[in-house]
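Structure first, commentary second.
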Amino acid sequence: MWRCIVLMAVVVGGCVTPVDLPDMIPDADVRQEWSEPRPQRGVGLTSIAGLADDARLVSLIERALVANPDLAQTAFRLRESGALLGEAESRRWPTDELTGGQSRADTGPGAASTSSLRLDIAWEVDIWGRLADQVGEANQRHRALEADYRAARNSLAARTLQTALQRVALAHELAVERRRVASLEATLDVIRERFRLGLTVVTDWDAAKTELATAEADFETLADRARRTDRDLSVLLGDLSLLPRDLPTDLPIVELPAVSLPAEVLATRPDVAAARARLLAAGTAVAVSRKALLPSFTVSAHVTHSGPRLDKALEADPLWSLLGNLAAPLINRKALTSEYEASQYREREAAFAYRAALLTAVLEVENTLSTERALARGLPARELAWRHAELARESFEDRYARGLVDILDLLSAQRTAFDTELGWFDARSDLLRNRIELGLAVGLEAL
C-alpha cells in the first residue's frame, strides 16, 4: 500500500507548476544606524506611561486601557482566535460518532424489533504534514493578533497621553487669549479717555475695536477646540459623561526616551512582529495548499452492537470493520491548483507588507528624532522672542498713553507679544507630544 501512496504522490505532485516569483529578503537592507543622531541624554524607559512624571496622567492611561471600546474589541478578537486554535489542532486526531436506532422487521403480529448501537471512528493519517502545517499557520496568525493587540494598547496609551497634554495646552492658550482680550479692553479705556480730552481721533477707537472683536472670535474658536478635545478624551476613556478631568495645570515633564539601534527597535515593535507572523503564516499556507494536491490516507473503524432491546444490544458480540481509504484529488484538482498559485501570491504580498512595516517603523523613528532636534533647538529662541515682545508691548502701551506712538503701532506690539507667547507654548507642547510619539516609535509598552 505504501508503494501505491508514494507512486500517486509522485504522479500528482509532478503536475504542480510552481509560480516563478522574484526572490526578495524583506529585511536585507535595514540600516545599522539611524541617519538622525540619537539623543545623548535619553532616559531608559520601558513604558509610555513612564514618560510623564505625573500620577494623574498615568491614571488616565490605566482607565483607557480598561474601558476603551476599540481596544476591548481587539481583545475579544484575540480571545476568539485563541479559542479556535483547538479546532485546528483537533483535525490531527481521530473523530468519533455514536449513533443508535431501532427498527422492526414487519408489521404483523409476530413482528420483532431490533435495537442497535454504532460507533464510527475516522482518522486521517497526516502523511505529508498538511494538518500539522494548518496548526502552524493558525498559531502564527494568532501570534499576529497578539502583536496587533499590543500595538493597539501602546497606541491607545500614547494617544491618551497626547490628548491630555493637548487639553492642558489649550487651557493655557485660553488663559493667554483672555489676557489678550483684557489688554485690548484696557486699551479701549485709554482711547476713550484720550478722545474725551481731544488727544486722539475716532479711527483709533475703530482700529482697537476691530482688534478686540477679532480676539473675542478667536477665543470662542479656541474654546470650541477645547470642548472637542474633552470629547476626544472621553471617547478614549470609554466614558461619555464629559465630567471634568483631573489634569495638571501646567505642562508636565515628559522624559526623552533612549533610542536603541535600528535592529533592536525593530525587534520590539509589535506592528513589525505582527507583519512577520503573517508572513510566516502565509508561507505555511503555501505548504498547506501544495500538500492538498497530494493523496490523503484515511483509516476508519466501525463497531456495531445489535439486539432485541438496547440493553441486550450491548451484551451481544459486536461487529467490527476496519477500512483504509486512499483518495487523490481529480475532479477538483483545477481549483486546488489555483488555490496553490494564489497562496504563493499571498505570501509575496505578506512579504511586501512586512517590508512596509519595517520601512514605516524606521521612518517614524527618524521623523521623531528630527522633530525633537528642531524643536529643542528652536525653543530657547522662541522664549527669548516672547520675553522681548512682552517688554515691547509694555513700552508701547505706556508711550501710547502719553501720545508718543500711533494706535496701529500699539496694536501691532500687543498682537506680537501674545502671538509669540502662544508660539513658545505651542512649541513646548509639540516637543512633549513628539517625545510621546518617539516612545511609541521605539516600541515602548503601554504600562
Open item on the list: Does F425 form a side-chain contact (heavy atoms from CB on, under 4.5 Å) with V176? I'd like the steps, not just the answer.
Closed with: CA-CA 10 Å; F425 197 84; V176 172; over 6 Å; no
TODO: Begin from the C-alpha positions of D206 and K209 and carry the test salt bridge (Lys or Arg N to Asp or Glu O under 4.0 Å) through to its verdict.
DONE: CA-CA 5 Å; D206 292 334; K209 197 66 176 177; over 6 Å; no
Open item on the list: For L369 and V259: C-alpha separation, side-chain torsions, deciding distance, then whether side-chain contact (heavy atoms from CB on, under 4.5 Å) applies.
Closed with: CA-CA 9 Å; L369 285 175; V259 180; 3.9 Å; yes
TODO: Step by step, work out the side-chain contact (heavy atoms from CB on, under 4.5 Å) result for L422 and W386.
DONE: CA-CA 9 Å; L422 288 174; W386 167 51; over 6 Å; no
TODO: Kindly indicate, with the supporting measurements, whether the criterion side-chain contact (heavy atoms from CB on, under 4.5 Å) is fulfilled by R38 and L261.
DONE: CA-CA 9 Å; R38 287 188 287 166; L261 294 174; 3.6 Å; yes
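Exactly one residue among T416, L411, D409 makes a side chain to side chain contact (heavy atoms under 4.5 Å, CB included) with F396. That residue is D409. Among the candidates T368, N367, V254, the single residue satisfying the side chain to side chain contact (heavy atoms under 4.5 Å, CB included) test with L438 is T368.
In this structure, CG in L65 is found 11.0 Å from CG in L60, a value given to the nearest 0.5 Å. Taken from CG in D133 to CZ in R290, the straight-line distance is 8.0 Å, to the nearest 0.5 Å. Within the model, atoms OG1 of T214 and CG of D218 stand 6.5 Å from one another, a figure rounded to the nearest 0.5 Å. Summarising the geometry, atom CD belonging to E437 is positioned 11.0 Å from atom CG belonging to L161; distances are rounded to the nearest 0.5 Å. Atom CD of E390 is separated from atom OG1 of T420 by 7.5 Å, given to the nearest 0.5 angstrom. Expressed to the nearest 0.5 Å, how far CG of D426 lies from CG of L431 amounts to 12.5 Å.
The residues E445 and R153 are annotated as not salt-bridged, no charged nitrogen and carboxylate oxygen being separated by less than 4.0 angstrom. We find that E137 and R141 are joined by a salt bridge, their nearest charged nitrogen and carboxylate oxygen being less than 4.0 Å apart. Between E383 and R387 a salt bridge is recorded (basic side-chain N to carboxylate O distance below 4.0 Å). Salt bridge absent: R228 and D232 never bring a charged side-chain N and a carboxylate O closer than 4.0 Å. Under the 4.0 Å criterion applied to side-chain N and carboxylate O atoms, R269 and E364 are assigned as salt-bridge partners. The existence of a salt bridge linking E341 and R346 is excluded, since no basic side-chain nitrogen approaches an acidic carboxylate oxygen closer than 4.0 Å. For R435 and E255, the salt-bridge test fails: no basic side-chain N is under 4.0 Å from an acidic carboxylate O. The pair D189-R192 meets the salt-bridge criterion, with a side-chain N (NZ, NE, NH1 or NH2) lying under 4.0 Å from an Asp/Glu carboxylate O. Residues E177 and R180 are paired through a salt bridge, judged by an N-O separation under 4.0 Å between the basic side chain and the carboxylate. Using a 4.0 Å cut-off between a side-chain N of Lys or Arg and a carboxylate O of Asp or Glu, D271 and R276 do not qualify as a salt bridge.
Residue D53 places its CG atom among 12 or fewer non-hydrogen atoms of other residues, nucleotides or ligands, all under 6.0 Å distant. Remark: Q32 CD is loosely packed, at most 12 non-hydrogen atoms of other residues, nucleotides or ligands lying under 6.0 Å away. Environment of CZ in R225: sparse, with no more than 12 heavy atoms of neighbouring residues, nucleotides or ligands closer than 6.0 Å. Counting heavy-atom neighbours within 6.0 Å of E185 CD, excluding the residue itself, gives a total above 12. For R79, the CZ atom counts as loosely surrounded, since its 6.0 Å shell holds 12 or fewer non-hydrogen atoms of other residues, nucleotides or ligands.
Looking only at atom types and distance, the side chain of N154 has no donor-acceptor partner in the side chain of Y149 under 3.5 Å away. Under the 3.5 Å distance criterion, with hydrogens and angles disregarded, a donor-acceptor pair is assigned to the side chains of E366 and S35. One side chain, R433 or S429, offers a donor N or O that lies under 3.5 Å from an acceptor on the other.
At distances below 3.5 Å, at least one donor-acceptor pair connects side-chain atoms of W34 with backbone N or O atoms of S260. When atom types are taken as modelled, the side chain of T360 and the backbone of A357 share no donor-acceptor pair closer than 3.5 angstrom. A side-chain donor-acceptor contact under 3.5 Å links S289 to the backbone of A285. Counting only distance, with no hydrogens or angles, the side chain of N68 and the backbone of A64 share no donor-acceptor pair below 3.5 Å. Without hydrogens or angle criteria, T163 side chain to T160 main chain gives no donor-acceptor distance under 3.5 Å.
Within the structure, side chain to side chain donor-acceptor pair (under 3.5 Å) pairs that include any residue of residues 41-52 do not occur (at least two apart or interchain).
In terms of heavy atoms, A207 sits closest to L408 at CB-CD2, 4.2 Å. Heavy-atom minimum distance, A169 versus L251: N-CD2, 4.4 Å. When all heavy atoms of E347 and G283 are compared, the pair lying nearest together is OE2-CA, 3.5 Å. Closest heavy-atom contact between L170 and T229: CD1-OG1, 3.3 Å. For the residue pair V265 and V442, the shortest heavy atom distance occurs at CG1-CA, 3.7 Å. In terms of heavy-atom proximity, G238 sits nearest to P69 at CA-CD, 4.0 Å.
In this structure, the side chains of R393 and S183 come closer than 4.5 Å at one or more pairs of heavy atoms. L247 places none of its side-chain heavy atoms less than 4.5 Å from the side chain of R56. For the pair E372 and P39, the minimum side-chain heavy-atom distance is 4.5 Å or more. Looking only at side-chain heavy atoms (C-beta outward), T371 and L375 come within less than 4.5 Å of each other. With a 4.5 Å cut-off on side-chain heavy atoms, V362 and L266 count as touching. The closest side-chain heavy-atom distance from E397 to Q414 is below 4.5 Å. Looking at heavy atoms from C-beta onward, R415 lies in side-chain contact with E211 at the 4.5 angstrom threshold. Side-chain contact check for L236 versus L156: some heavy-atom pair is nearer than 4.5 Å.
Annotation: cation-pi pair R428/W424 present, NZ/CZ under 6.0 Å from the ring centroid and within 45° of its normal.
By the side chain to side chain donor-acceptor pair (under 3.5 Å) test, R77 is found to be paired with T74, residues two or more places apart in sequence or in another chain being considered.
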